[in-house]
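Please read all numbers here as calculations on a predicted model, not as lab measurements. Start at 1 and go down the list; that is how both ligands and their atoms are numbered. Side chains are part of it too, since the values below use all heavy atoms of this structure and drop only hydrogens, waters and symmetry mates.
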Amino acid sequence: MTKTSFGKMPDGQSIDLYTLINRQGIKVTITNYGGRVVSLFAPDRAGRVADVVLGFDDLSGYLAQNPYFGALVGRYANRIANGEFKLEGTEYHVPQNDGPNALHGGIRGFDKRVWTARDVSKENPSLELTYLSKDGEEGYPGNLSVKVIYSLTDNNELQIDYTATTDKDTVLNLTNHSYFNLAGQGNGNILNHQLTINADRFTPINSTLIPTGELRPVDGTPFDFRQPAAIGARINDDNEQLKFGKGYDHNFVVNHKGTGLVLTARVRDPESGRVMEVLTTQPGVQLYTGNFLDGTIHGKGGKVYGYRSALCLETQHFPNSPNQPNFPFAELKPGKTFQETTVYRFPATQ
Ligand code: BGC
């Protein structure tokens, strides 16, 4: 693993960029600013690699406004309705930074924090990032100690292991918010990408993108990705859910049998033949199709990031779980360890 300088924070603190390379020559770079995946090179059907994630060439791009490119998101990824929840009878208020709701951990969530990095490579290059989120930070209770390990395996897998402990009851939802375009970052939109999602149900939303609490079967809806379908095939259908999301911006209920990693999604760019598989232990995955990208952001190498020029598959606990008793538990108690794993795999041959 190598470490280079990525820039300086406004207060002068130096930020680094770590490069992980596996024996296949696949390369991933990660910065300790927000624990962000900055670049990820994946092979096409002929073995030619392209950088498949959106991002910036240096820290200054990330310090300017950007929609969570590559970031570790927390303390509570996605939305909490009206920025409020109750724990053990106490009501908590967190910043409403997305209309009436809280989004992605607040004004300065984990994506905007400086993490402590350590090379923990064994057989594979592995980068450990730790962050202590203090009691009351962005309104959330408890000193939360978070550890994320990024490893790059020889099967072209970027594995992300999340663990966390707290000293007070808190709510917790951690994800990685990489934006993928398998044709290469900044190379057109993702509407022709073929997507499969291993989910029989999804969580429909209201007009502010908060799940209603229903677990709705995907049968006969544009949310049925159990067989591969082009992302663009139904995205503009006359469907209330797609209108609320301005496209896909929904949580799917991953079909899990017991515990452990499960193949959750597969994406294929028919042109290049590049494939990404997503495996996770988490109960949900947010499909977000870059509906808010509008060409105003210029990213790596000056590439313009247009409308729907990337997709996110954010493995997660369901949005607004703290206010939905029928959703899987998203609380962490003292003495317990939060543990989840997600793998993004880029098979060499298809
Ligand atoms: C949310 C979108 C949001 C995007 C970028 C996704 O997780 O569901 O609504 O626009 O993140 O912030």
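Counting heavy atoms from C-beta outward, Leu191 and Ile235 have side chains that approach closer than 4.5 Å. Proximity of Arg268 to Pro270: side-chain heavy atoms (C-beta onward) are separated by under 4.5 Å at one or more points.
Among all non-hydrogen protein atoms, the one lying nearest atom 5 (C) of ligand 1 is Tyr179 OH, 3.5 Å. Among protein heavy atoms, atom 2 (C) of ligand 1 sits closest to Asp249 OD2, 3.1 Å. Scanning the protein heavy atoms around atom 10 (O) of ligand 1, the nearest turns out to be Phe292 CD1, 3.1 Å. Protein heavy atom at the shortest distance from atom 11 (O) of ligand 1 is His177 NE2, 2.8 Å. Residue, atom and distance of the protein heavy atom nearest to atom 7 (O) of ligand 1 are Glu314 OE1, 2.6 Å.
Counting heavy atoms closer than 4.0 Å to ligand 1, residue Phe69 contributes nothing at all. Residue contacts with ligand 1 for Asn78 involve side-chain atoms from C-beta outward but no N, CA, C or O (heavy atoms, distance under 4.0 Å).
Within ligand 1, the atoms closer than 4.0 Å to a non-hydrogen atom of Gln286 are 8 (O), numbered from 1 in the order shown. Set against the non-hydrogen atoms of Arg79, the atoms of ligand 1 under 4.0 Å away are 1 (C), 2 (C), 8 (O), 9 (O). Near His104, the atoms of ligand 1 lying under 4.0 angstrom from a non-hydrogen atom of the residue are 6 (C), 7 (O), 11 (O), 12 (O). Close contacts of ligand 1 with Tyr68, meaning ligand atoms under 4.0 Å from a residue heavy atom, involve 12 (O).
For Arg75 and Tyr131, the positive end is not near the middle of the six-membered ring at less than 6.0 Å and at most 45° from its axis.
Between Tyr305 and Tyr179, the ring center distance fails the sub-6.0 Å criterion. Between His250 and Phe252, the gap from one ring centroid to the other reaches at least 6.0 Å.
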| message | Working note: Asp161 + Gln159, criterion side chain to side chain donor-acceptor pair (under 3.5 Å); need CA distance, chi angles, decisive distance, verdict. | response | CA-CA 7 Å; Asp161 292 299; Gln159 176 161 337; 3.2 Å; yes

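Using a distance-only test at 3.5 Å, with no hydrogens or angles considered, no donor-acceptor pair links the side chain of Ser309 to the main chain of Asn189.
Distance check, rounded to the nearest 0.5 Å: CG of Asn22 to CG of Leu152 gives 4.5 Å.
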